[in-house]
Amino acid sequence: MPENKFKQQIANCTAEAFKVILPELFREKADLYLFDSVWLYEKIEVPKKPDMGNFALPLFEIAKQIGKNPVEVNKILTRAENKFVAEHEEYAHLSFSAAGGFNNARIKTEALAEETLPQILELDEDYGSSEEGKGEKIVIDFSSPNIAKPFGVGHLRTTALGHSLYRIFDKLGYKSVGINHLGDWGTQFGKMIVAFRKWGRHDDLKNDAVLKLYDLYVKYHKEEEKDPVLADEARAAFKKLEMGEHDEAHLWNLFKEVSLDAFKETYKMLGIHFDYYTGESFYNDKMPAVVERLKKAGLTRISQDALIVDLDRFGLPPCIISKADGATLYATRDITGVLYRWETFRFRKALYVVGTAQRDHFKQVFKVIELLEEAENVPPEKRCSQNLEHIEFGWIKFNDKTMSTRKGNIILLDDVIEKAITLAREKIIEKNPDLDTIEQTARQIGIGAVLFADMSARRMKDINFDWDVVLNFEGETGPYLQYTHARLASLLRIYGKDVPVDINYSLLNRSEEHRVIDLLYKFPEVITDAARDYEPYLIGSYLLDLAGAFNKVYQRKDETGRIDKIISDDAELTSARMALVKAVKIVIQEGLYLMGIEAPDEM
RNA sequence: GCCCCCGUAGCUCAGAGGAUAGAGCAGUGGUUUCCUAAACCAUUGGCCGCAGGUUCGACUCCUGCCGGGGGUACCA
């Protein structure tokens with residue numbers, strides 16, 4: 001946690017003031033918590049409304065324990081605090097006020113600006129970066145679509161969340177490792193092989209291959225209902241695939257290639273990079289050794305002809321390692337994957353960005369790893385089981401129903417992106433037809449809208465997919481942030497000079513400006529909060545606050561009702577305000593970057 | 001049945017022990033001789049699912065119930 005300098009100063013003043021107003025108590029018990037600035041620091045919170053000040057200490061609890069009325073204590077305390085401030089030059093930028101039982105503290109805008117703006121201007125995109133994760137790796141398993149199936153919006157959440165977390169942890173100094181755990185193995189590929197042989201043609205694999213394969217998959221399921229023999233054929237085909245038969249392997253490889261080509265196009269469009277495309281099939285030859293290890297550790301037993309790890313005493317269903325017919329399951333592959341990743345990366349954390357439906361599955365997998373490490377007497381510092389996290393999230397629904405590949409009520413991600421881009425293009429042509437990068441900008445805005453909509457709520461919430469919401473560019477949306485950013489860029493273009501760092505900070509004295517500076521100061525903390533909770537939406541909602549606060553500055557009216565413009569004849573005032581403009585631009589751009597969204601300079 | 005998640009304005013969501021529960025969308029009324037109106041200002045709209053309990057203080061924590069969703073041994 002980055003320590004908040006001003007908050008610490010406020011805690012110091014408060015501690016000193018308590019010593020003054022409670023001299024007897026201090027003489028008796030000098031180490032009491034209310035004289036301890038570290039303890040007070042933890043108790044200080046951010047007021048509900050910005051106009052209540054920058055920080056606040058609720059006095060109810062303290063007052064009760066020293067047997068006094070909080071409102072009375074507050075009056076005396078505030079007076080002592082302000083006296084202390086008056087006597088100490090280094091605290092001169094602080095002021096305290098009593099509001100009922102809340103001891104509110106305010107930081108002078110000038111001091112806040114002087115602390116924050118030079119830092120941002122100097123560090124530029126590195127503002128908010130840290131070295132907390134230096135030398136440590138975070139392995140992030142995300143996106144992981146099934147091959148031979150189209151990429152639906154249902155798959156967007158893991159993709160957007162995972163990619164954002166990748167960038168967030170990188171910013172905090174960790175080395176992020178992105179793994180795309182492709183769904184490229186299992187009985188379903190026996191089905192695909194059978195379907196392709198019966199109804200498919202190689203020409204189908206030339207254009208829109210994934211969609212055509214998907215049609216075959218749907219057709220297969222319809223036919224299978226009428227003709228159960230197909231299921232046997234599919235199982236046989238998968239068996240051959242597993243044994244490495246040439247014809248089956250060749251087809252499977254083709255499916256995989258065309259799918260990867262399509263996926264990579266989508267990822268390229270979204271600006272997403274993976275360090276590894278190690279799908280389920282990657283672990284095929286690594287599983288037998290793991291199964292042996294589990295057996296040797298004494299964790300397994302046979303139950304109903306299957307090899308299982310009993311987890312009953314942990315309130316979990318048994319983890320099936322191999323089926324009655326000897327075939328492995330996804331749990332086996334995931335266990336193998338954890339062990340492989342631990343050996344390969346020695347990660348600080350391994351994150352699995354996978355939907356909430358697989359909660360029990362990951363509990364089982366993680367528990368099996370824990371039991372294995374215990375059984376093998378792995379020294380605590382070499383264990384990974386405590387570093388595994390399932391980053392779960394709710395469903396994307398459509399008309400309040402979950403989307404399913406089989407039933408066909410699936411919305412293709414490509415369609416969503418395309419519609420969003422088209423709409424963005426229309427808007428640009430309407431509003432800024434002379435823009436010479438219309439295509440690129442439309443792409444940035446359309447994708448920004450889609451990604452932001454996907455990350456605008458807490459992970460655990462289900463999202464009901466709504467075209468009107470995704471295609472809305474007004475209000476709390478990605479395009480709103482991008483628009484604000486473009487405005488800032490425009491101001492810098494018009495200003496046309498380098499923004500000086502040594503400005504007169506006291507000129508940034510409007511309450512609207514204070515709010516902006518206060519928010520800029522908080523950006524680093526927002527990033528660590530987002531990382532701690534694995535919640536990119538925290539960054540999004542922060543950016544909305546910041547953009548909103550800036551837009552108020554931008555459209556602030558003076559006493560005569562005229563817009564108080566940022567660029568004016570007053571050179572000194574203008575340069576101070578331009579420093580603010582540049583700082584806001586940097587933070588919005590970087591914040592959007594952390595969400596995987598681009599920030600155009602013009603739109 | 002058991003376990004988990006969600007329930008806040010008409011809609012989508014913030015707030016997760018503290019101040020009068022906040023935003024956006026939708027609705028209504030305004031602001032531009034233009035530093036990008038994809039913006040800004042004002043305004044309508046709330047038994048925070050229900051009932052108890054803990055606390056100086058509960059939308060927030062605990063218990064029970066209701067509604068929605070998910071999981072619950074060989075799919076992922």
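Naming: A, B, ... by sequence-line order, numbering from 1 per chain.
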Using the closest heavy atom to pick a nucleotide of RNA chain B for each, name whichever of A:A327 or A:P47 lands nearer the 5' end.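 Nearer the 5' end of the strand: A:P47.
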
When rounded to the nearest Å, what value does the distance between [atom1] atoms of [N] and [M] take?
N     : M     : atom1 : value
B:U54 : B:G67 : C1'   : 26 Å
B:G24 : B:A14 : C1'   : 10 Å
B:C5  : B:A19 : P     : 25 Å
B:G68 : B:U43 : P     : 39 Å
B:G10 : B:G45 : P     : 11 Å
B:U8  : B:A23 : C1'   : 13 Å
B:C6  : B:C13 : P     : 13 Å

Would you mind classifying the nucleic acid contact of [X] as base, sugar-phosphate or nothing, using non-hydrogen atoms under 4.0 angstrom?
X      : value
A:R562 : nothing
A:S303 : base
A:I428 : base
A:P70  : nothing
A:E602 : base
A:Q358 : base
A:I320 : base
A:N104 : base
A:Q304 : base
A:D601 : base

Counting heavy atoms from C-beta on, name the nucleotide in [options] closest to the side chain of [X].
X      : options             : result
A:A457 : B:C40, B:A76, B:C13 : B:C13
A:K397 : B:G69, B:A19, B:C74 : B:G69
A:R487 : B:C74, B:A76, B:A37 : B:A37
A:K49  : B:U20, B:C59, B:C74 : B:U20
A:K552 : B:U72, B:C40, B:C13 : B:C40

Does the pair A:F238 and A:W252 meet the rule for a ring-ring contact (aromatic ring centres under 6.0 Å, His included), with working shown? CA-CA 10 Å; A:F238 181 62; A:W252 173 80; 9.7 Å; no

salt_bridge([X], [Y]) N-O dist < 4.0 Å:
X      : Y      : answer
A:E513 : A:R577 : yes
A:R425 : A:E439 : yes
A:E430 : A:K427 : no
A:K557 : A:D564 : no
A:R443 : A:E598 : yes
A:D141 : A:R341 : yes

Could you state the [atom1]-[atom2] distance from [X] to [N], rounded to the nearest angstrom?
X      : N     : atom1 : atom2 : result
A:F362 : B:G71 : CZ    : C1'   : 14 Å
A:Q65  : B:U55 : CD    : P     : 15 Å
A:Y554 : B:C34 : OH    : C1'   : 9 Å
A:M455 : B:C13 : CE    : P     : 16 Å
A:L544 : B:U12 : CG    : C1'   : 13 Å
A:F393 : B:C4  : CZ    : C1'   : 16 Å
A:L471 : B:G24 : CG    : P     : 21 Å

Less than 6.0 angstrom from the centroid, inside 45 degrees of the normal: does [X] satisfy that with respect to the ring of [Y]?
X      : Y      : result
A:K7   : A:Y41  : yes
A:K286 : A:Y340 : yes
A:K367 : A:F314 : yes

Among side-chain atoms of [X] and [Y], is any donor-acceptor pair under 3.5 angstrom?
X      : Y      : result
A:Q65  : A:Y33  : yes
A:T78  : A:N103 : yes
A:N104 : A:S97  : no
A:H361 : A:D334 : yes

Does a side-chain N or O from A:Y537 land closer than 4.0 Å to OP1 or OP2 of B:G15, or not?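 Checking B:G15 against A:Y537, a side-chain N or O does come within under 4.0 Å of OP1 or OP2.
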
Look at A:K149 and B:A76 and indicate whether a side-chain polar atom (N or O) is within less than 4.0 Å of OP1 or OP2.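 So the side-chain polar atoms of A:K149 never come under 4.0 Å of the phosphate oxygens OP1 or OP2 of B:A76.
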
Are the side chains of A:L307 and A:I320 in contact, using a 4.5 Å heavy-atom criterion?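 SC-SC contact between A:I320 and A:L307 ruled out.
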
Distances under 3.5 Å between nitrogen or oxygen atoms of protein and nucleotides 6-10 of chain B:
residue: B:G7; atom: OP1; partner: A:K461; partner atom: NZ; Å: 3.2

Please tabulate the protein-to-nucleotide N/O contacts below 3.5 Å involving nucleotides 30-32 of chain B, giving atom names and distances.
residue: B:U31; atom: O2'; partner: A:K557; partner atom: NZ; Å: 3.0

Report the secondary structure of RNA chain B in dot-bracket form, marking unpaired bases with a dot and bases paired to a different strand with |, and treating Watson-Crick or G-U pairs with both distances under 3.5 Å as paired. (((((((..((((....[...)))).(((((.......))))).....(((((..]....))))))))))))....

Once hydrogens and angles are ignored, does a donor-acceptor distance under 3.5 Å link the base of B:A23 to the side chain of A:S541?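 Looking at the base of B:A23, it does not pair with any donor or acceptor on the side chain of A:S541 (distance under 3.5 Å).
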
